[in-house]
Protein chains: 2
Amino acid sequence: MEFSLIDRIRQLTAQHRDDVRLGIGDDAALLVVPPGQELAVAIDTMVAGVHFPVGTAATDVGWKALAVNLSDLAAMGATPAWALLALSMPGADTAFVDGFAQGFAQLAQSYRLALVGGDTTRGALTISVAVHGFVPPGKALMRTGAQAGDAVLVTGTLGDAAAGLQCVQRNHPRDEAQARYLIERLNRPTPRVAAGLALRGHASACIDVSDGLLADLGHICASSHVGADIEAALLPRSSALLDLFDDTTSRDLALSGGDDYELCFTVPAQHVAAVQADLAKLGCGATRIGRVVQGEGVRVRDREGHWLESGHQGWDHFNA
Amino acid sequence: MEFSLIDRIRQLTAQHRDDVRLGIGDDAALLVVPPGQELAVAIDTMVAGVHFPVGTAATDVGWKALAVNLSDLAAMGATPAWALLALSMPGADTAFVDGFAQGFAQLAQSYRLALVGGDTTRGALTISVAVHGFVPPGKALMRTGAQAGDAVLVTGTLGDAAAGLQCVQRNHPRDEAQARYLIERLNRPTPRVAAGLALRGHASACIDVSDGLLADLGHICASSHVGADIEAALLPRSSALLDLFDDTTSRDLALSGGDDYELCFTVPAQHVAAVQADLAKLGCGATRIGRVVQGEGVRVRDREGHWLESGHQGWDHFNA
């Protein structure tokens with residue numbers, strides 16, 4: 001335990017929660033899960049140059065490290081509570097740590113999430129965050145419940161983060177509002193926590209779009225033993241994406257681009273309108289993009305009704 | 001989530017536990033903490049070349065990555081239950097992954113600990129493990145309760161792991177039994193889980209010796225607002241350590257060497273004999289090495305009663 005760095009982070013992320021009996025500073029934290037709640041836990045790692053461009057601002061790295069994990073809780077319909085942080089960095093860069101902690105804390109405060117443990121080590125810039133949330137027994141959203149006939153929906157818009165990465169890599173002029181918007185979507189993803197909570201009891205299956213729509217919807221299909229047919233024309237795309245990229249490119253980014261952290265979920269067809277209305281009240285639009293079918297795998301139909309060739313695969317580390 | 005690698009690890013580490021409602025394979029695991037128990041959580045990271053020598057066998061890396069975390073639970077007096085694993089490695093090295101998983105599983109099975117979540121990413125070899133255990137409310141061992149007059153004890157022997165590291169670095173002939181023993185202590189530390197459980201209700205403060213006795217006992221002193229006087233002659237040293245290193249070197253390794261993962265704890269003086277008897281039943285010796293005093297900091301007295309000069313500091317990443 002590295003006291004000075006973790007203490008800095010603790011100071012910047014301080015949150016009082018009654019369920020934290022003992023926070024950072026001993027060999028372990030002591031926590032209390034509310035009676036009758038299940039504990040949802042997930043861990044995700046970000047490596048500089050793999051999960052975010054080298055040179056990304058420290059505040060953005062801190063935000064995103066927590067956001068990608070909150071997105072996992074969102075996809076389960078869980079209420080965020082606590083996080084653990086493991087930060088490896090090449091040296092004792094206090095400016096980076098301060099920025100990181102500020103970005104992390106900014107997002108944590110939105111959810112009254114408490115950082116309850118941490119470890120800093122010397123190494124290549126790598127951040128692992130473990131998050132903990134609560135969900136009532138039997139109410140968690142899983143990947144296994146999609147049924148043929150269900151509608152497939154996604155929150156927000158798709159492809160923005162992958163487009164933002166292209167803007168960064170091509171050194172797109174930052175003063176263009178659209179490029180700034182897309183880069184913000186890459187660096188500061190919005191975990192759809194409120195949407196996930198609203199989907200409890202309504203969605204038959206849910207996942208967050210981290211590896212790209214086709215890859216992640218494919219996980220729902222594999223887990224649920226079903227297939228899915230997607231209409232490319234229905235994919236929600238931001239005006240920034242459509243302004244900066246041609247139709248085919250933006251469609252492919254929406255199909256396969258990772259890092260959007262929107263929720264992709266399935267809903268019995270008769271409940272689509274009600275679910276969309278519920279999410280709209282939260283300021284989170286949801287678009288119907290296709291339907292669950294018998295069979296396996298995800299198919300995509302273009303505007304003219306032709307099935308698109310495969311090859312639009314989301315990336316998957318090691319297995320690409 | 002990288003299915004192939006994490007699936008391999010999952011297969012090799014499979015443990016059935018009723019409190020795991022949903023394990024690896026969705027966006028988060030769903031877990032149930034037993035009613036009335038507090039949850040103890042900790043996270044620790046190991047970086048190749050920093051926390052273990054480059055070239056350490058994969059099975060040893062897997063064992064140690066879990067052991068150092070179980071040691072944190074041991075120091076709290078918590079019963080291990082679940083772990084999350086974040087593994088960064090340069091490529092999809094399945095031989096490494098299999099070895100890692102075997103070492104991890106071997107230790108996990110001793111505690112029926114279930115791996116409930118994981119993430120593998122491409123990057124420098126870095127392993128973060130988050131562990132979860134249970135402890136009855138108010139029964140956890142903390143760093144804050146040491147009082148002047150308490151005895152200071154440690155389990156097992158000290159300095160072995162640091163000596164083992166010297167054996168590795170100096171390419172000490174591996175066929176010497178003593179060197180093998182010390183290297184095994186470095187690579188396969190024994191988390192003192194049973195001892196931690198036995199100390200509940202008896203120890204006034206407890207910590208695991210990861211950074212070295214002086215550094216870690218110093219944490220107890222700082223947290224408890226006390227000092228500690230240690231008798232160098234009482235430091236428990238293995239015969240392997242004494243055989244391979246001279247008296248001064250072995251003493252200094254016992255004072256400052258990290259990575260032993262023994263427990264250092266304080267006990268009211270009148271309970272020392274009973275606690276030692278309890279631990280002996282578990283096959284875990286505990287040696288009285290000094291006492292808690294008013295004041296601050298850790299002082300060390302040699303055989304002749306002279307106070308040793310400071311400078312025997314345990315290492316602390318970044319802050320050394």
Side-chain angles (χ1 to χ4, degrees), chain A residues 2-5 21-22 25-33 35 38-47 50-51 71-73 75-76 78 82 84-86 88 91-92 116-124 126 128 130-133 135 137 140 142-144 206-208 223 316-319, chain B residues 2-5 21-22 25-33 35 38-47 50-51 71-73 75-76 78 82 84-86 88 91-92 116-124 126 128 130-133 135 137 140 142-144 206-208 223 316-319:
Chain A
E2 317 308 323
F3 288 96
S4 61
L5 296 185
R21 295 292 159 83
L22 182 69
D26 213 300
D27 290 298
L30 296 174
L31 308 167
V32 179
V33 175
E38 289 183 359
L39 185 68
V41 302
I43 192 165
D44 253 320
T45 299
M46 297 200 324
V47 178
V50 178
H51 301 91
S71 182
D72 281 326
L73 292 184
M76 300 299 287
W82 316 306
L84 305 169
L85 166 66
S88 291
V116 296
D119 185 29
T120 64
T121 53
R122 191 186 298 275
T126 305
S128 291
V131 285
H132 301 73
V135 63
M142 295 189 283
R143 300 178 179 179
T144 46
C206 187
I207 195 169
D208 67 323
S223 296
D316 197 12
H317 314 297
F318 294 140
N319 304 323
Chain B
E2 318 309 325
F3 287 97
S4 60
L5 295 186
R21 295 293 158 84
L22 182 69
D26 212 300
D27 290 298
L30 296 173
L31 308 167
V32 179
V33 175
E38 290 184 358
L39 185 67
V41 302
I43 191 165
D44 252 320
T45 300
M46 296 202 324
V47 178
V50 178
H51 301 90
S71 182
D72 282 326
L73 293 183
M76 300 299 288
W82 316 306
L84 304 169
L85 166 67
S88 292
V116 296
D119 184 30
T120 63
T121 53
R122 192 185 298 274
T126 306
S128 290
V131 286
H132 300 74
V135 63
M142 295 190 282
R143 300 177 180 181
T144 47
C206 187
I207 194 169
D208 66 323
S223 296
D316 197 13
H317 315 299
F318 294 140
N319 303 321

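Here is how names work: the chains are called A, B, and so on, in the same order as the sequence lines, proteins then strands, and each is numbered from 1.
- Formation of a donor-acceptor pair under 3.5 Å by the A/Asp119 side chain with backbone atoms of B/Thr45 is found in this model.
- Between the CZ atom in A/Arg122 and the NE2 atom in B/His51 there is a gap of 10.0 Å [rounded to 0.5 Å].
- Annotation: maximal heavy-atom pairing with chain B below 4.5 Å, among A/Ala75, A/Ala130, A/Gly133, occurs at A/Ala75.
- Of all heavy-atom pairs spanning B/Thr126 and A/Ser88, the tightest one is CG2-OG, 3.9 Å.
- The two residues B/Asp27 and A/Cys206 come nearest to each other via the heavy atoms OD2-O, 3.7 Å.
- Counting heavy-atom pairs under 4.5 Å between each of B/His132, B/Glu38, B/Met46 and chain A puts B/Glu38 at the top.
- Distance CG/A/Leu30 to CE/B/Met76: 4.0 Å, rounded to 0.5 Å.
- With chain A as the partner, the residue from B/Ile207, B/Asp72, B/Asp208, B/Val131 showing the most heavy-atom pairs under 4.5 Å is B/Asp72.
- Residues B/Ala86 and A/Ile43 come closest through the heavy atom pair CB-CD1, 3.8 Å.
- If you measure heavy-atom distances from A/Val135 to chain B, the contacts under 4.5 Å come from the side chain alone.
- Heavy atoms closer than 4.5 Å to chain B are found in the backbone of A/Leu85, but not in its side chain.
- Rounding to the nearest 0.5 angstrom, the gap separating the CG atom in B/Leu84 from the OG atom in A/Ser128 is 10.0 Å.
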Chi angles and distances behind the side-chain contact (heavy atoms from CB on, under 4.5 Å) call for A/Leu39, B/Val32: CA-CA 6 Å; A/Leu39 185 68; B/Val32 179; over 6 Å; no

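- Residue contact with chain B, scored on non-hydrogen atoms closer than 4.5 Å, involves the backbone and the side chain of A/Val41 alike.
- Side chain of A/Asp26 to main chain of B/Arg143: a donor-acceptor pair is present (N/O by atom type, distance under 3.5 Å, no hydrogens or angles).
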